[in-house]
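The structure displayed is predicted, hence computed values, not measured ones. We name chains A, B, ... by the order of the sequence lines, and we start the count at 1 in each one. Computed from heavy atoms alone, side chains included, the values below leave out hydrogens, waters and symmetry copies.
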Protein chains: 2
Amino acid sequence: MPRTSQTDLAVLAVLSVAPMSGYAVREAIRDQLGQFWSESFGQIYPTLASLNSAGLVEKVPGERAGSSLFSLTTAGRERLLELLRAPEVTTPPRNGLMLRVFFGHAIGPEAVAALIEQTRDQALQQLSVFDGITRMMQQETEHAEHRPYWALTVSAGRHSALAAVAWCDESLEALATFPR
Amino acid sequence: MPRTSQTDLAVLAVLSVAPMSGYAVREAIRDQLGQFWSESFGQIYPTLASLNSAGLVEKVPGERAGSSLFSLTTAGRERLLELLRAPEVTTPPRNGLMLRVFFGHAIGPEAVAALIEQTRDQALQQLSVFDGITRMMQQETEHAEHRPYWALTVSAGRHSALAAVAWCDESLEALATFPR
DNA sequence: TCATTCATGTAAGTGGTTACATGATTCA
DNA sequence: TGAATCATGTAACCACTTACATGAATGA
């Protein structure tokens with residue numbers, strides 16, 4: 001029962017690295033967590049407002065004229081730890097590719113193969129994204145304490161993409177022998 | 001823009017294998033597609049009703065007194081093919097484990113390791129589920145034309161679970177060297 | 001000066017879950 | 001007769017996306 005939104009957790013977590021604006025929170029999530037998380041403005045701003053009125057974040061003056069950033073309060077930091085330790089909220093699975101492969105008989109082996117080729121391409125593209133992230137991380141000097149953890153997530157992405165490619169290759173070979 | 005629900009696709013696809021009741025549709029999804037798809041009653045019954053009034057499925061008398069099953073119409077079969085060939089609706093990623101690992105510095109290496117151990121256990125459990133499915137599939141004599149496709153999905157599940165285990169092992173080793 | 005980026009927000013809609021209510025059928 | 005399973009549905013709620021509206025600051 002996800003009584004509390006996952007967005008709370010993501011926003012608090014991002015703000016724990018550095019105070020920033022709602023706009024910057026979204027950019028951080030897109031650029032740093034994009035491979036395994038996403039939030040939209042329509043979710044971030046209301047969340048920030050509610051966190052603020054709950055005393056978990058506060059507005060601090062920013063560098064630019066009139067701008068203000070959101071910063072974690074002590075209570076916010078505690079709440080973050082609580083949420084990080086809470087059991088994961090698992091969303092029910094919805095894998096469109098697997099659904100189509102499962103009922104592949106209806107569209108035939110060629111159509112399924114086309115779908116899988118596409119998946120293979122995406123996985124390869126992901127691999128190059130992870131390579132890019134790895135290179136960027138090696139140059140980065142800030143946030144040294146976070147980097148080893150970030151490397152673990154990149155490694156997870158790589159493992160899963162490699163597994164996807166292997167399955168695609170295997171399946172394409174198998175599909176070639178299916179009756180058409 | 002997912003103008004049309006994914007549930008339509010899933011329900012039509014299940015009914016393409018055999019006519020059945022809404023209750024049976026849910027059981028089929030849970031038992032056969034459970035690893036990569038899910039639907040709730042609250043979604044299935046309204047969907048069945050709307051598919052019926054759209055002329056994509058029809059009620060046919062069932063074996064038991066007063067019971068009736070849903071069967072695909074010709075239009076329903078066409079619609080299914082259309083949906084199977086349509087581009088996949090991708091839901092934005094939400095990986096709670098990766099989010100926690102990414103911000104692992106906040107809870108420390110031991111807590112992260114505990115999370116990963118848990119994930120490893122789940123992956124191993126999944127592997128045994130897939131073994132069970134494989135055994136069941138070998139005995140099954142019906143639906144011979146579907147079986148090769150079902151085997152592909154099982155293989156995908158196995159690949160991904162094995163990759164998960166490998167990543168967990170690697171990460172647990174790495175975490176042991178993190179400063180605490 | 002004008003396009004781009006930074007920035008904040010809201011309204012409408014949707015796809016979905018959960019919990020509840022109800023009742024028939026089967027079988028021990 | 002009574003428990004378990006089969007069966008159908010609905011009402012309330014929720015997290016989230018999309019699209020829209022608005023405007024300040026920056027820099028070519």
- Message: Any donor-acceptor pair under 3.5 Å linking the side-chain atoms of B:R158 with those of B:T134?
- Response: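 A donor-acceptor contact under 3.5 Å links the two side chains.
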- Query: Would you say the side chains of B:T73 and B:E58 form a donor-acceptor pair under 3.5 Å?
  - Reply: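 Note: B:T73 and B:E58 side chains miss the donor-acceptor criterion.
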- Query: When the nearest nucleotide of DNA chain D is assigned to B:F70 and to A:Q43 on a heavy-atom basis, which residue is associated with the more 5' position?
  - Reply: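 Whichever sits nearer the 5' end wins; that is B:F70.
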- Backbone N/O of B:L9 and side chain of B:R79: donor-acceptor pair under 3.5 Å: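 Pair absent, no side-chain N/O of B:R79 close to backbone of B:L9.
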- Would you check if the side chain of B:R120 reaches a backbone N or O of B:W167 as a donor-acceptor pair within less than 3.5 Å?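 No, because the side chain of B:R120 does not come within donor-acceptor range (under 3.5 Å) of the backbone of B:W167.
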Look at all strands and tell whether [X] reaches a base, only sugar-phosphate, or nothing, counting heavy atoms closer than 4.0 Å.
X	value
A:T47	nothing
B:S21	sugar-phosphate
A:T91	nothing
A:G42	base

Just how far, in rounded Å, is [atom2] of [N] from [atom1] of [X]?
X	N	atom1	atom2	answer
A:E39	D:dT17	CD	P	6 Å
B:R30	D:dA7	CZ	P	13 Å
B:L51	D:dG9	CG	C1'	16 Å
A:R26	C:dT5	CZ	P	13 Å
B:F41	C:dC20	CZ	P	16 Å
B:E27	D:dA7	CD	C1'	10 Å
A:Y23	D:dT26	OH	P	14 Å
A:I44	C:dG9	CD1	P	12 Å

- Task: Determine: side-chain N/O of B:S40 to OP1/OP2 of C:dT18, distance under 4.0 Å, yes or no.
- Result: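 Looking at the OP1 and OP2 atoms of C:dT18, neither is under 4.0 Å from any side-chain N or O of B:S40.
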- Looking at A:F36, does the NZ or CZ of B:R94 lie under 6.0 angstrom from its six-membered ring centre and within 45 degrees of the ring axis?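 That pair does not qualify as a cation-pi contact.
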- Among D:dG9, C:dA7, D:dC16, which is the nearest nucleotide to the side chain of A:Y45?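 When the side chain of A:Y45 is considered, C:dA7 is the closest of D:dG9, C:dA7, D:dC16.
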